[in-house]
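Data first, discussion second: the structure below is written as C-alpha cells.
The model shown is predicted, which means the values in this text are computed figures rather than measured ones.
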Amino acid sequence: MMSAFRQNSYLFGGNAPFVEELYESYLANPASVDETWRAYFDNLQSLPASDGNPETRDVAHAPIVQSFAERAREGALQPQQMGGDVETARKQIYVAQLIAAYRGLGSRHADLDPLKRRERPEIPELSPSFYGFTEGDHAHIYSAANTFFGFESAPLREIVQALRETYCGSIGAEFMHMSDPAAKRWIQERLESVRGRFSFSAEQKKRILERLTAAEGLERYLHTRYVGQKRFSLEGGESFIAAMDELVREGGNHGLQEMVIGSAHRGRLNLLVNVLGKMPKDLFAEFEGRHAADLPSGDVKYHQGFSSDVSTPAGPVHLSLAFNPSHLEIVGPVVEGSTKARQVRRGDRDGSDVLSVVVHGDAAFAGQGVVMETLNLTETRGYSTRGTVHLVINNQIGFTTSDTRDSRSTLYCTDVVKSIEAPVFHVNGDDPEAVVFVTKLALDYRMKFRKDVVVDIVCFRKLGHNEQDTPSVTQPLMYKRIGVHPGTRKLYADRLEAQGTIEKGYADHLVTAFRDAMDAGKHTVDPVITNHKRFASDWSQFLNRKWTDAGDTGLPISELKRLGERITQVPEGFKLHPLVQKVVADRRAMALGEQPLDWGMAEHLAFASLVAAGYPVRLSGQDSGRGTFSHRHAVLHDQNREKHDQGTYIPLQHVTEDQAQFIVIDSVLSEEAVLAFEYGYASAEPNSLVIWEAQFGDFVNGAQVVIDQFISSGETKWGRACGLTMMLPHGYEGQGPEHSSARLERFLQLCAESNMQVLQPTTPAQIFHALRRQLIRPFRKPLVLMTPKSLLRHKEAVSPLKELANGRFQTVLGDTVADPSKVRRVVFCSGKVYYDLLAERRARELESEVALVRIEQLYPFPHKAFEAEFSRYPNATQIVWCQDEPQNQGAWFFIQHHFQEVLKDGQKLSYAGRPASASPAVGYYDKHFAQQKELLDNAFGGAGRTKGGKDKH
C-alpha cells in the first residue's frame, strides 16, 4: 500500500473508506470537516445528482471516491490544497483510518468476558504502528473533526486513548455494517461523547444495585427453599434484570404504553417476579405444586406468561410476557404478531405506543432457523412492528457446548442480525452500568430509527442448564473460573462502596431486606398497578362457550347483491388482464343471481360482509392476493402501471365508507415464522378474522411446532384462547406426494377437549358460512379449513345465492337424490372425493340405491347430525367410509369409532380408499389413476355398470 502511495498519490487506493467517511460527515454537517475538504465537496455539488433532482444534496459515494481518486492520479490535488505537506496529510489520513478501524473492529478487542478465560485478541489495525506511526508521533496533534470526543484536534495518544475507552472497554459496538449514514453517525455520537464513562447519579447506581440484589436474591432463595427443582437460574446473568428494569422505565419516558415480551427459560422466573411484578408467594405456590383449577393440562412454571401494569416515573406501562413452550426461539414471531395486533388496534402506525422485546439465549439465537425467518419479516409491509429490542443472555455455553467451533459458524452469536443491518451492542455483564447504558441506547435507537437493535449481555451460567445438571462434567475449566467468581452484585457493591456512593453495610442491608420480603411472599419495590384501565381486548364473552352456540350467518339477498356489486367495481381507466376481466364479469353475474356462485366469489362475499359489519379481516400467505390456484384475485393489477404507481386495486377495501380493515398479504417464503406471527396476532385480537393460508396444504409441515405447541394446546396449557383460521389446500389430483395432502390425520390426532375445529367444506355456500361463523358466533377456537384445489373450478361445486341468504354451515350434508327406503349401501366421505363418487354413481346408474353423505365438520364431531343422517337409511346393510388419502392417513382411524357407536345388527363397516402408505401420495400419474379407479370400485362394492354398459351386479 505504501508503494502505491509513493507512485501516484497518498490519496488513492486504500484511502477510499476515509474519503467516504469524510463525505458522510460533510453531508451530516459541512462544518464538521476540514475547510479544504469542505471546499472540495462543495465543488462537487455541481455534479448531476444521482436521482436527477437538482435539489438533492446527497451524491452517490462511489462517484465521489472515483472522482477523488482520478484527480489524485492526475496530480490535480496538490499538497497545498490539502492544508500542509504531503507527509502530514498522509498521517492525517492514517489517523482517520485508525478511527474507522476502532469503529469497525474495536468490538473484537473489547473487554467482554466476565470470566476472562481467553486473552483478548490483538487486532493489528487497532495499533498506530500498523499505519507507520512511531512513538514520536504520539505527541503530534491531528484533526479529530469527524469524531465526537469533544475536541477538534488532539495529540495522537489522546485520540487513541479516547478510541480505546469508547470501543474497547466494557462495550463492543458493531454498527459499521449499516448502510444508513445518519444512523451510524448517531451511534458514534452517543458512544464517543461518553467514552465509556457513564454519568449515573448516586440514586441511579443504588437502583442498579438494588435490582442486582433482587435478581441474585430470588435465585438464592429458590435454591435453598426448593432444592433441586428446575428453574433455569439467572445466576451469572443478573445484569439482565437491571437491563429490563431500565428498558421499562425508559420506555415510559418515551411514551410507550405497552411492551410485549418474549423470553427463553433462562431467568424467566426472575423476570416474572422482579420486572413484571408477579407476587413471590404465587411463584412459591407453583413450586409447591398448587395450580389453577380451570386449566385442564396446565404447564410448567417457566413456560408461563403474565401481564401487568408497571409504574414508571412517566406513568404506567402495560407488560405482557408471552406464554411459550420449550421450543427455542419460536416465541419470537408470536410476540411480533401480538405486537402488530396491538399496534393496529391503537392506530399506532410508527410503533410509538407498543414495543416488542425478545430475550434470546446465545446458542439458540445462532442456531434456530426461525430467528432468521422472523428477522426477515421486520421490514415487510404486512409484518413490521417498527423495530424490536433484542436482549441476548449470552452464557457463552449454550447447553454443554462452550466451544464456539461447535456451537456456531460465526464470530458472534448475533451475526445473523447483520442481514437486516441491525446494530449490536455487546456488553460485559459484570459491568452493570455499561449494561444499563447500552440498554437505554438501544431503546433510544429503536424509538428514533424504528428498526431492530440487539444488546448482547456477555455473562455466564453459574449452575447447569437446569438445577439437576452438573456442568463441570463437560466444562471443568470453565466451571473452575465460575466457582471462584464472587458474583456481579458483590463486584458492583464493592465498587460503589469504594467510590463512596454507598456506605459500608448498605449492600448487606439490601440482601437482608430482600430475603425478609421473600419470607413474606412480597416485593420490596415498585408495586404493580392493578386498577389502571388499559387499551385491551375483552375475551370474557368468548370463554366457556360451546361450538353448538347459535350464529346467524345468513344475509338478505339484497345485501348480498349490494356487496357483490361493490366488490366487482373497478376504477375508471384501470386495465385488467383479460383473464381477470372475465373473472370479475362472472362474479358480477353471480352477484345478480344470473349464474351460481363459485368458491372464490363465496369467499369474497364472506369477507365483504364481515368488513361491512365492522369485523377486520387479515389474510396472509404465499401468493394469497391472487391465490395459489388463481381463484381469489383479491388484488387487481393494472396492466398499464407498476404496482408502486397506484397499479393495484383491492375491491374489498372499498365495500363501505366506514368499513373495517381488509388486509391481504403475499407473505415472505416462510411457514413457521409467519404462522406463529398470525397466531400471536389472533391471540391478541378476538374480533378480527385472521387467516393464514398455505400455498399447498403440505407446506404446513414446516410450521408443525406452531400447531403442536400453540394452536392445538395453548388454551388447555395456558388458558390462551385464539380464533386463528388456517386454510390448507388439500386433495388428491395426481400432483404427487408433496402437493396432495395437508396431513388431515395430524390435525385430527391433536383434537381433544374441543380445542379446535377441523372442517372440509365442499361447496361455496359452506365456505361462506364457515368463514362468517368464525366471527358471528361468540366462540373462538382455531379453525382448520381443508380447502380445495380442483373444486375451485369444478362445474358442480357451485351454490345458488339463496344458500348464502337462507342457509347456515351444515356439519353433515345428506343425500338429496337417493330414496332412503331403497338404499342398501351408504357411502360416507369428506372433501373432494365426494365429486368423484358422485360422477361414478351416475355412471353406474346407482342413484336410487347408493346414498352419498358428506361429513363437512370432522371435529368437534357432529354426533347429532351424523346420527340423524345415519338413521335415514334403515334398510342399509353396507356402510362405507371412503377417502382419498391412504388408509393410515386421512380421517379413517379417527372416524371409525363414531361409526361403531351407531352400527346396528346386520350392518357392516368397510373402508374404501388407497392402501396404507409411507408417502402421502404416489408420484406417478398412471399409478394415481389406477388407485383412484380401485378406490371408486371398492366404494360401490363392484355394483352397477361400467361406462361400457356391462352389468356388474
Do [X] and [Y] have a side chain donor and acceptor closer than 3.5 Å?
X      : Y      : answer
Gln883 : Trp881 : yes
Asp836 : Gln932 : yes
Gln760 : Ser830 : yes
Glu745 : Gln749 : no
Tyr873 : Glu869 : yes
Gln622 : Ser667 : no

Is a side-chain donor or acceptor of [X] paired with a backbone partner of [Y] at a separation under 3.5 angstrom?
X      : Y      : value
Lys781 : Ser754 : yes
Arg825 : Ala939 : yes
Asp666 : Ser624 : yes
Thr725 : Ile691 : no
Gln659 : Thr656 : yes
Thr380 : Val668 : no
Glu733 : Ser790 : yes
Arg780 : Gly723 : no
Tyr649 : His637 : no
Glu603 : Ile767 : no

What's the separation between atom [atom1] in [X] and atom [atom2] in [Y], rounded to the nearest 0.5 Å?
X      : Y      : atom1 : atom2 : result
Asn324 : Ile330 : CG    : CD1   : 10.0 Å
Gln889 : Ser917 : CD    : OG    : 6.0 Å
Leu759 : Glu856 : CG    : CD    : 8.0 Å
Leu804 : Leu555 : CG    : CG    : 8.0 Å
Leu689 : Leu724 : CG    : CG    : 9.5 Å
His730 : Phe696 : NE2   : CZ    : 13.5 Å

**OP:** Please work out which of the three classes, parallel, tilted or perpendicular, describes the rings of His739 and Phe699, given edges at 30° and 60°.
**Re:**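 Phe699 and His739: tilted rings.
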
**OP:** Evaluate the ring planes of Phe861 and Phe866, with Trp represented by its six-membered ring, and classify them as parallel (under 30°), tilted (30 to 60°) or perpendicular (over 60°).
**Re:**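 Perpendicular.
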
Check [X] against [Y] and note the closest heavy-atom contact, atom names and distance.
X      : Y      : result
Thr385 : Gln343 : O-NE2, 3.1 Å
Pro778 : Ala550 : CD-O, 4.0 Å
Ala684 : Trp539 : N-CZ2, 4.4 Å
Pro788 : Pro729 : O-CB, 4.5 Å
Pro556 : Ala805 : C-CB, 4.5 Å
Cys751 : Asn755 : CA-OD1, 3.5 Å

Original post:
Of Thr811, Thr762, Thr763, which meets side chain to side chain donor-acceptor pair (under 3.5 Å) against Arg854?
Top reply: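 Answer after filtering Thr811, Thr762, Thr763: Thr762.
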
Original post:
Taking only residues at least two apart or on different chains, which pairs with a member in residues 760-819 satisfy ring-ring contact (aromatic ring centres under 6.0 Å, His included)?
Top reply: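 For residues 760-819: His794-Tyr835.
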
Subject >> side-chain contact (heavy atoms from CB on, under 4.5 Å) against Glu867, all qualifying residues, sequence neighbours excluded >> reply: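 Glu867: side-chain contact (heavy atoms from CB on, under 4.5 Å) contacts with His863, Val902.
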
**OP:** Quick one: list whatever passes side-chain contact (heavy atoms from CB on, under 4.5 Å) with Val260, sequence neighbours left out.
**Re:**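 Listed in chain order: Val335, Ser338, Thr339, Arg342, Val354.
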
Less than 4.5 Å apart, side chain to side chain, heavy atoms only: is that true for [X] and [Y]?
X      : Y      : value
Leu785 : Leu771 : yes
Trp692 : Val700 : yes
Met756 : Ser712 : yes
Leu377 : Ser384 : no
His897 : Glu901 : yes
Val344 : Gln661 : yes
Tyr859 : Phe894 : yes
Pro800 : Leu597 : no

Assess whether a salt bridge exists between [X] and [Y], defined as any Lys/Arg side-chain N lying under 4.0 Å from an Asp/Glu carboxylate O.
X      : Y      : result
Glu594 : Arg588 : no
Glu885 : Arg914 : no
Glu796 : Arg842 : yes

**OP:** With side-chain contact (heavy atoms from CB on, under 4.5 Å) as the test, would you mind laying out the steps for Phe677 and Leu675 before giving the verdict?
**Re:** CA-CA 5 Å; Phe677 186 102; Leu675 181 56; over 6 Å; no

**OP:** Go through the steps to decide whether Trp892 and Phe899 satisfy the test ring-ring contact (aromatic ring centres under 6.0 Å, His included), and finish with yes or no.
**Re:** CA-CA 10 Å; Trp892 169 238; Phe899 284 92; 7.7 Å; no

Subject >> Of all pairs that satisfy salt bridge (Lys or Arg N to Asp or Glu O under 4.0 Å), the ones with a partner from residues 544-559, not counting sequence neighbours >> reply: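 Matches after skipping sequence neighbours: Glu559-Arg562.
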
Subject >> Stepwise salt bridge (Lys or Arg N to Asp or Glu O under 4.0 Å) check, Arg841 with Asp815 >> reply: CA-CA 12 Å; Arg841 183 177 69 171; Asp815 197 312; 2.6 Å; yes

Subject >> Trp599-Phe629 aromatic ring centre distance below 6.0 Å >> reply: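 Distance test on ring centres: not under 6.0 Å, no.
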
Subject >> Partners meeting salt bridge (Lys or Arg N to Asp or Glu O under 4.0 Å) with Glu671 (sequence neighbours left out) >> reply: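 Salt bridge (Lys or Arg N to Asp or Glu O under 4.0 Å) list for Glu671, sorted by chain: empty.
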
Determine all donor-acceptor pairs shorter than 3.5 Å in which one atom belongs to a side chain in residues 604-621; sequence neighbours excluded.
| unit_1 | atom_1 | unit_2 | atom_2 | d |
| --- | --- | --- | --- | --- |
| His604 | ND1 | Gly600 | O | 3.1 |
| His604 | NE2 | Arg632 | O | 3.3 |
| Ser609 | OG | Leu605 | O | 3.2 |
| Ser609 | OG | Ala606 | O | 2.8 |
| Ser609 | OG | Arg772 | NH1 | 2.8 |
| Arg618 | NE | Glu678 | OE1 | 2.8 |
| Arg618 | NE | Glu678 | OE2 | 3.3 |
| Arg618 | NH1 | Gly382 | O | 3.3 |
| Arg618 | NH2 | Gly382 | O | 2.9 |
| Arg618 | NH2 | Glu678 | OE2 | 3.1 |
| Ser620 | OG | Tyr383 | OH | 3.4 |
| Ser620 | OG | Glu678 | OE2 | 2.8 |

